[in-house]
Amino acid sequence: MPELPEVEVVRAGVEPAVTGALVAGVEIFDERSLRRHDRRTGSFTEQLTGRRILGAVRRGKFLWLPLDSGRALVVHLGMSGQVLLRTPGSAIDRHLRIRLCLESVSPQVLPPTAWPDDGAAGELWFDFVDQRVFGSLVIDNMVPTTDGAAGGFAGSGAGPWSALVPSQVAHISRDPIDPAFSQSAFFAGLARKKTGIKRALLDQTLISGIGNIYADEALFAAGLHYKTPTASLSPAQAAELLAALRAILQRALGEGGTSFDSQYVNVNGQSGYFAHSLEVYGRQGTPCSRCGTTLVRESFMNRGSHLCPSCQVVTS
DNA sequence: CGCGATTCCTGGTCGC
DNA sequence: TGCGACCAGGAATCGC
């Protein structure tokens, strides 16, 4: 389940390989991965073929590649999406949905597993692989950010596209490790909403990049029950929750993200290690690391919520 | 207007 | 052993 750390691993992996590359061709193996593309502005293939990629940017779980046309290729991994960089001639993945054929890529910026060892220098496959087809690729127009800051995290890249964001991403809030994230707006939003804290964390409009795994982990770290009304949080509790979110996202990022199986991998097909560091997610039936109480898994919002019934109780 | 339920989708797993 | 039911969940959309 790719969340912010997993998407950032993908962004950092593709950035050096795609920046400056020319899209020489597009192969569509499954139209469902283009479900969110608005065809009224032109076909996906027409708007991508012949364009040059200028960088790789991420906000929350959304990734986009600005194009020299002024638009951007927006990538969302959904539940099971992967981006794999491959040398032409590699075996076809079972769940390959869309392939971009890239040209004029300097061999020295390719990941080691994509180094060409024959006459294919400068050519690279950008494979969008997605088993459950919840992810999507779209070509979108760019709009200015409301605060004038960068649209998202772009690594070492910058350009005229920096203070722009794809229109399909504009309604998503900044994520908590974005330098332009507004703490005051986050706290004000918590005070204004009339809903439970986990629902607010998963709703990407107040804060972005958080999914089911890191929501459960952060709520455990902050000692909060998932149903705690957002408006009931004290300033100290809200600050502690935000600090917990940042700490967990940064730690997961440092470990290459969370992988349970081959469903989430980096652009070279390798798994991250954060699954070993999870305190509550998937650990129902085992003792809480803080108090020893048996952890439980409850059904909430049609998904699992993992928590310690002693450390995490509704306070109001 | 905003919250919360529904929908999209596949493959692994479980029970009969 | 085989087959059907069920579960995992990000985010747009719809209904109330």
Side-chain angles (χ1 to χ4, degrees), chain A residues 1-11 29-39 58-64 74-83 93-98 128-138 140 152 165-175 188-219 226-232 245 249 252 257-265 275 278 280-285 296-307:
Chain A
M1 296 120 253
E3 303 179 31
L4 186 157
E6 293 75 36
V7 180
E8 176 54 27
V9 168
V10 172
R11 191 211 64 76
F29 296 88
D30 195 328
E31 291 277 351
R32 293 175 302 175
S33 292
L34 303 179
R35 187 186 302 128
R36 301 203 174 284
H37 176 77
D38 185 356
R39 297 186 68 95
R58 179 196 52 75
R59 175 188 292 203
K61 306 173 201 172
F62 281 86
L63 169 67
W64 65 90
V74 181
V75 179
H76 198 286
L77 301 178
M79 281 292 299
S80 55
Q82 306 172 348
V83 173
D93 291 89
R94 180 176 178 188
H95 302 296
L96 175 61
R97 308 299 182 190
I98 308 288
F128 181 68
V129 176
D130 186 11
Q131 178 204 103
R132 294 184 218 177
V133 207
F134 271 34
S136 61
L137 300 187
V138 307
D140 198 9
V165 64
S167 66
Q168 289 195 10
V169 186
H171 70 291
I172 297 296
S173 168
R174 291 184 178 280
D175 58 68
L190 288 177
R192 187 181 63 245
K193 279 185 174 285
K194 292 180 171 58
T195 190
I197 184 59
K198 184 169 179 182
R199 194 180 289 278
L201 292 180
L202 296 180
D203 170 4
Q204 307 293 303
T205 60
L206 186 58
I207 189 169
S208 70
I210 319 293
N212 202 44
I213 298 173
Y214 298 116
D216 281 3
E217 292 297 313
L219 289 171
Y226 59 85
K227 282 183 180 169
T228 306
T230 57
S232 78
L245 284 165
L249 293 174
T258 299
S259 298
F260 298 112
D261 50 39
S262 59
Q263 280 305 309
Y264 163 70
V265 293
L278 298 175
V280 288
Y281 187 87
R283 297 188 56 84
Q284 61 272 21
V296 299
R297 178 186 182 280
E298 297 176 2
S299 188
F300 173 66
M301 289 178 72
N302 291 322
R303 46 176 59 73
S305 275
H306 311 74
L307 71 157

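No hydrogens, no waters, no symmetry mates; every other heavy atom, side chains included, goes into these values. The chains referred to below are lettered A, B, ... by the order of the sequence lines, with proteins before strands, and numbering in each begins at 1.
- Using a 4.0 Å heavy-atom distance criterion, A:F62 is classed as a sugar-phosphate-only contact.
- For A:R303 against C:dG10, a side-chain-to-base donor-acceptor contact under 3.5 Å is present.
- What separates CD of A:E298 from P of C:dG9 is a distance of 14 Å, to the nearest Å.
- At a threshold of 4.0 angstrom between heavy atoms, the contacts of A:G135 with the nucleic acid are absent.
- Along DNA chain B, the stretch of nucleotides lying under 4.0 Å from any heavy atom of chain A spans, 5' to 3', B:dC3 to B:dG11.
- In this structure, A:R192 reaches neither bases nor backbone, as no heavy-atom distance under 4.0 Å exists between it and the strands shown.
- Although no hydrogens or angles enter the test, the distance criterion places a donor-acceptor pair under 3.5 Å between the side chain of A:R97 and the main chain of A:Q131.
- The CG-P distance, from A:D140 to C:dA12, rounds to 12 Å in whole Å.
- One interatomic measurement links the two molecules: CD of A:Q168 to P of C:dG10, which rounds to 19 Å at whole-angstrom precision.
- A:R32 is linked by a side-chain hydrogen bond (donor to acceptor under 3.5 Å, both in side chains) to A:D30, counting only residues two or more places apart in sequence or in another chain.
- If one axis is set at each end of the helix from B:dG2-C:dC16 to B:dC16-C:dG2 from five pairs, those axes are 60° apart, to 10°.
- Residues satisfying the side chain to side chain contact (heavy atoms under 4.5 Å, CB included) criterion with A:H76, sequence neighbours excluded, are A:K61, A:F62, A:S136.
- With hydrogens and angles ignored, the 3.5 Å screen pairs no side-chain donor or acceptor of A:Q168 with any backbone N or O of A:D140.
- Not one N or O on the side chain of A:E217 forms a donor-acceptor pair closer than 3.5 Å with the backbone of A:L278.
- When the C1' atom of C:dA12 is taken as reference, atom CD of A:Q204 falls 12 Å away, rounded to whole Å.
- To the nearest angstrom, P of C:dT13 lies 11 Å from CG of A:D38.
- Listed for the A:D93 side chain is no donor-acceptor partner under 3.5 Å among the backbone atoms of A:H95.
- Under the side chain to side chain contact (heavy atoms under 4.5 Å, CB included) criterion, A:A170 pairs with A:V143, A:V165, sequence neighbours left out.
- The separation between A:L137 atom CG and C:dG10 atom C1' is 15 Å, rounded to whole Å.
- By the criterion of a centre-to-centre distance under 5.5 Å and near-parallel planes under 30°, the ring of A:F134 forms no stack with the base of C:dA11.
- Under the side-chain hydrogen bond (donor to acceptor under 3.5 Å, both in side chains) criterion, A:D130 pairs with A:S80, not counting sequence neighbours.
- Using a 3.5 Å distance cut-off with no hydrogens or angles, the side chains of A:S208 and A:D175 do not pair a donor with an acceptor.
- Regarding A:R132, its CZ atom lies at a distance of 15 Å from the C1' atom of C:dA11, rounded to whole Å.
- Base contact: A:N302 has a heavy atom under 4.0 Å from a base atom.
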